[in-house]
Structure formats: structure tokens, C-alpha cells
Amino acid sequence: MIAKIVSFVVLLLLIHRGSSSDGGQCVYQGFSTANLTLDGLAAVTPGGLLALTNATFQGKAHAFHPSPVHFLNASSSAAARSFSTCFVFAIVSAYDALSDHGLAFVVAPTTNFSASKAGQYLGLLAGINGTASHRVLAVELDTIMNPEFLDINSNHVGVDANSMISEQRHAAGYYDDASGGAWQDLQLNGRKPMQVWIDYDGLAGQLNVTLAPVKVPKPNKPLLSVSVDPSTFMADTMYVGFSSATGVVLTHHYVLGWSFSLDGPAPPLDFTKLPVLPRVGPKPRSKVLDVLLPLATALLVATVLAAVLSTVWWRRRYAEVREDWEDEFGPHRFSYKDLFHATNGFKDKNLLGVGGFGRVYKGVLPASSLEIAVKRVSHDSRQGVKEFVAEVVSIGRLRHRNLVQLLGYCRRQGGKW
Ligand SMILES: *[C@@H]1O[C@H](CO)[C@@H](O)[C@H](O)[C@H]1NC(C)=O
Ligand SMILES: *[C@@H]1O[C@H](CO)[C@@H](O)[C@H](O)[C@H]1NC(C)=O
Ligand SMILES: *[C@@H]1O[C@H](CO)[C@@H](O)[C@H](O)[C@H]1NC(C)=O
Ligand SMILES: *[C@@H]1O[C@H](CO)[C@@H](O)[C@H](O)[C@H]1NC(C)=O
Ligand SMILES: *[C@@H]1O[C@H](CO)[C@@H](O)[C@H](O)[C@H]1NC(C)=O
Ligand SMILES: *[C@@H]1O[C@H](CO)[C@@H](O)[C@H](O)[C@H]1NC(C)=O
């Protein structure tokens with residue numbers, strides 16, 4: 001608990017140091033101290049995440065840098081200034097297989113999006129095309145396929161210039177420089193943070209969009225490289241920020257960090273200073289448990305095995321043969337276990353003598369402390385056993401002061417009699 005509080009304080013300090021804004025440039029490593037212009041479902045969580053949506057149905061959300069940016073080149077009436085931005089986002093759905101609508105980076109002349117629609121319009125426009133009074137340049141991270149907007153799939157990136165029909169779109173992914181520029185798919189709503197870079201060359205009118213998992217450096221080859229005439233969307237003062245909308249699947253759209261710059265590359269984000277996403281699904285198992293659980297399991301298995309083995313061993317050690325006909329001799333039947341203990345396990349020390357038919361051991365019955373002699377007799381065949389036992393028992397009924405009394409018998413199969 002104490003460690004948690006301390007790290008929280010450190011995080012706040014870093015955010016404070018990391019967030020700066022001077023006209024054409026801003027850096028947000030988390031949004032705890034940011035003064036964004038928010039509307040709709042958008043909010044900044046106590047942990048510093050910009051939560052555009054919060055698992056509410058059919059809602060929309062906007063978050064803008066509070067002051068407008070001067071986009072037009074004062075020394076040229078035609079050209080817009082270049083800009084560059086990068087941000088880290090995550091789309092976290094409550095359900096594994098279901099997708100809700102995505103989010104978009106927006107450049108617009110106003111922060112008043114009250115007329116825009118939720119759902120597939122991503123809170124950007126009120127119809128398929130923008131109007132003269134409602135213009136917008138957007139880079140959409142779209143997680144639903146809308147045929148009316150000519151979407152290619154439910155996991156794509158598109159550049160929208162004043163229309164929901166993208167100028168160009170591409171399936172989400174990146175060209176991985178670490179493997180020679182090989183294509184790698186990415187799942188936009190995969191609950192993992194991803195970074196987007198958007199670079200606009202005002203003179204050439206070229207807009208590049210690049211996507212990568214966090215910690216992967218910016219790939220050399222952009223995902224999209226689109227010609228966008230600045231006159232389709234540009235006004236002198238424009239707001240930059242984010243737009244998102246929800247449909248019917250409970251989904252959170254988060255922005256973890258964001259930087260923006262005019263006339264130069266956006267300052268890189270320091271991933272170590274970004275807020276962490278809330279945990280989804282079951283709590284990850286602790287390391288201690290990872291070690292203890294197999295150990296405890298092994299111990300349990302060993303204990304059970306030992307118990308089973310010892311039970312089997314004891315059973316075999318004291319195993320007897322008992323048949324129905326012996327019931328009538330009940331009182332004369334002794335358990336092998338008692339005889340075993342009485343004679344100290346038939347130790348040589350207890351041996352009284354070796355007769356014609358077997359060895360005789362001295363012993364003391366544990367229950368009655370009665371001194372006894374036990375003779376171990378081998379009887380090969382099953383035949384005659386009954387008669388033999390009957391004989392033994394009948395001898396047992398004889399009493400004479402010159403005779404040792406015969407108390408009873410026990411039967412056992414095989415073994416070392
Ligand atoms: C989502 O945000 C809106 C606006 O801030 C709020 O009214 C609503 O209660 C929130 N819903 C949840 C589920 O947090
Ligand atoms: C936050 O931004 C608003 C404009 O959206 C401005 O009026 C206000 O002074 C700003 N507050 C701070 C603390 O910068
Ligand atoms: C503004 O436009 C002039 C002339 O087209 C160009 O030389 C200059 O580089 C532009 N400045 C920016 C910041 O784009
Ligand atoms: C926002 O725009 C709508 C029309 O789209 C307008 O009715 C409303 O007054 C505007 N709100 C503000 C605060 O300007
Ligand atoms: C949207 O604008 C495009 C030209 O940019 C036009 O072809 C299309 O018909 C328009 N669609 C609607 C519904 O206005
Ligand atoms: C966009 O990408 C192309 C192709 O990689 C590159 O030549 C161009 O310089 C890039 N433009 C910007 C503004 O990054």
C-alpha cells in the first residue's frame with residue numbers, strides 16, 4: 001500500500017514536469033494536470049488516463065487542446081503549416097470477440113461538436129460529408145466495418161478529409177523494421193497500448209500515418225501516405241484533439257499520452273511516464289504463487305502416494321485368508337496383526353524351537369498380556385484346510401493341566417510362513 005502511494009506521487013511529479021504547452025507544441029505524458037476541453041463521455045481518470053468513453057451506450061466524446069493552433073502560413077496564402085503528432089491509445093472492450101466503434105485524431109475549426117453523431121460517425125460529422133460550417137480532418141482508428149462508408153474491414157486506419165468516406169484506408173498493422181520491413185498485423189481493440197504518428201507536410205499536402213505497438217520505434221514506412229489538399233479542411237485557427245463514439249458494446253477508449261508540434265517532429269513520448277491501463281480480466285498470478293503452487297502440488301501428490309503405498313504395504317503385511325465356513329470358529333480366529341505384534345514380527349529372538357511341521361515362537365498378546373506360543377504351519381493344498389482347522393479348534397476345547405491349551409488359529413496366503 002505504501003509503495004503504491006509513493007509511486008503515485010512520483011508519477012504526478014513526472015507528469016507535471018512532462019506536460020508543457022507553448023503555442024505550437026504540447027506534450028502530455030498522462031493527463032492529470034492537463035487542461036483539456038472535454039465534452040460528452042470524456043474524462044481524465046484519477047490515474048491520469050484520458051478516458052474518451054466509459055462503457056456507455058451510444059455516446060460520443062471529444063477532448064481538445066484548450067487553445068487553437070494557427071495553421072496557415074502567414075507568408076503564403078495557399079500553404080498550410082506542417083504539423084506532427086504522436087499519441088498512445090488503447091481500446092478496451094468488455095468482451096473478447098465484440099467490437100465497438102473506434103476513435104479519431106481530429107483537426108477542426110471548432111470544439112463544438114454538438115451536431116455530430118455518435119456510433120459509426122465517431123462523433124466527427126452529422127452526415128457522410130461535412131458542411132462548409134462543419135469541416136474536419138481526421139485520422140480514424142476504426143473497429144467496425146460500415147459499408148456505407150466503404151470501410152474495408154473492422155480493424156482499419158483511415159484518413160478522412162471532411163467526409164466519413166476515407167480518402168485512403170489500410171488494415172491495421174505496421175512494416176516492422178526489425179524484420180526487414182515485413183508486415184505485422186495489429187488488433188486496434190486488442191486492449192494493448194499502441195502508438196500512432198501523424199505527419200503532415202503542409203507544402204506538399206502529404207499526410208502520413210504510422211502505427212506500431214508501444215516500445216517499437218517509429219517504422220520507416222508509413223501505413224498510409226495520402227495527398228490531402230489543405231483547402232478542404234483548413235482554417236487559420238484550428239483545434240487539435242480526439243473524438244470517439246460508442247455503439248452497443250461496452251468499450252473504453254483511452255489515450256495515455258500525446259504530443260503535438262507545428263513545423264517540426266512531435267516530441268517523443270516517454271513510455272515510462274505514461275499512466276497504466278486498468279486491469280482487464282482475472283488478476284495475474286503472483287510470482288510467489290507461481291513457485292509455491294507447483295511445490296505444494298508436488299508435496300500433495302507425494303503425500304497421497306505415500307499414504308496409498310503404506311496402506312497397500314500394511315494391507316499386504318497383515319493380509320489374511322478368511323472364508324465363510326470359518327464363521328463358526330469365530331472366537332478361535334486370531335488376526336495376523338495381533339500375532340505379528342505378539343511375537344515381535346516373528347523375530348528369531350522369540351523363536352522357541354523348530355518342530356517337524358514348523359517354527360514355534362514365544363509371544364504376548366497385546367490386548368490381554370496373555371503369554372502364548374505361536375506355531376507357524378505350512379499347509380500346501382486348499383484341500384483339507386477346513387478339516388485341519390476344525391481339528392485345531394476341537395483340540396482347543398480340550399483342557400488338561402498337563403496340556404498347553406490351544407487358543408485358536410489364523411490363516412494367511414503364501415508369504416514366508
Ligand atoms: C460516463 O461518463 C458520463 C459523463 O461523464 C457519466 O454521466 C456516466 O455516469 C459515466 N458512466 C459510467 C459507467 O462511468
Ligand atoms: C483551461 O482552459 C480554459 C479554456 O478552455 C481556460 O479558460 C482556463 O483558463 C484554463 N485553465 C488553466 C488552469 O490553464
Ligand atoms: C510558408 O510558405 C513559404 C512560401 O510558400 C515557405 O517558403 C515556408 O517554408 C512556409 N513555412 C512553413 C512553416 O510551412
Ligand atoms: C454549438 O453548435 C450548435 C449548432 O450546431 C449551436 O446550436 C450551439 O449554440 C453551439 N454551442 C456553443 C456553445 O457555441
Ligand atoms: C460526399 O462528397 C463526395 C465528394 O467529396 C460526393 O461524391 C458524395 O456524393 C457526397 N455524398 C453525400 C451523401 O453527400
Ligand atoms: C511520408 O512518407 C513518404 C514515404 O515514406 C516520405 O517520402 C515522406 O517524406 C513522408 N512525409 C512526411 C510528412 O513524413
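Because the structure is predicted, anything quoted here is derived from the model rather than measured. We count ligands from 1, going down the list as the structure has it; atoms in each ligand are counted the same way.
Classification of the F83-Y200 ring pair by plane angle, with boundaries at 30° and 60°, yields tilted. In this structure, H62 and F64 have parallel ring planes: the angle between them is below the 30° cut-off, well short of the 60° mark. Between W258 and F260, the ring-plane angle classifies as perpendicular under the 30° and 60° cut-offs. Y175 and H170 have perpendicular rings, their planes meeting at more than 60° on a 0 to 90° scale where under 30° would count as parallel.
Residues F87 and Y28 place their aromatic rings such that the two centres sit no closer than 6.0 Å.
Near S114, the atoms of ligand 4 lying under 4.0 angstrom from a non-hydrogen atom of the residue are 1 (C), 2 (O), 3 (C), 5 (O). The distance from ligand 4 to the heavy atoms of N112 drops below 4.0 Å at these ligand atoms: 1 (C), 2 (O), 3 (C), 8 (C), 10 (C), 11 (N), 12 (C), 14 (O). In summary, the atoms of ligand 4 found under 4.0 Å from a heavy atom of A115, numbered by their order in the structure, are 5 (O).
Protein neighbours of ligand 6 below 4.0 Å, counting non-hydrogen atoms: D199, D201, Q206, N208, P222, S225.
No side-chain donor from either of Y121 and H101 sits under 3.5 Å from a side-chain acceptor of the other.
Residues passing the side chain to side chain donor-acceptor pair (under 3.5 Å) test with N350, sequence neighbours excluded: none.
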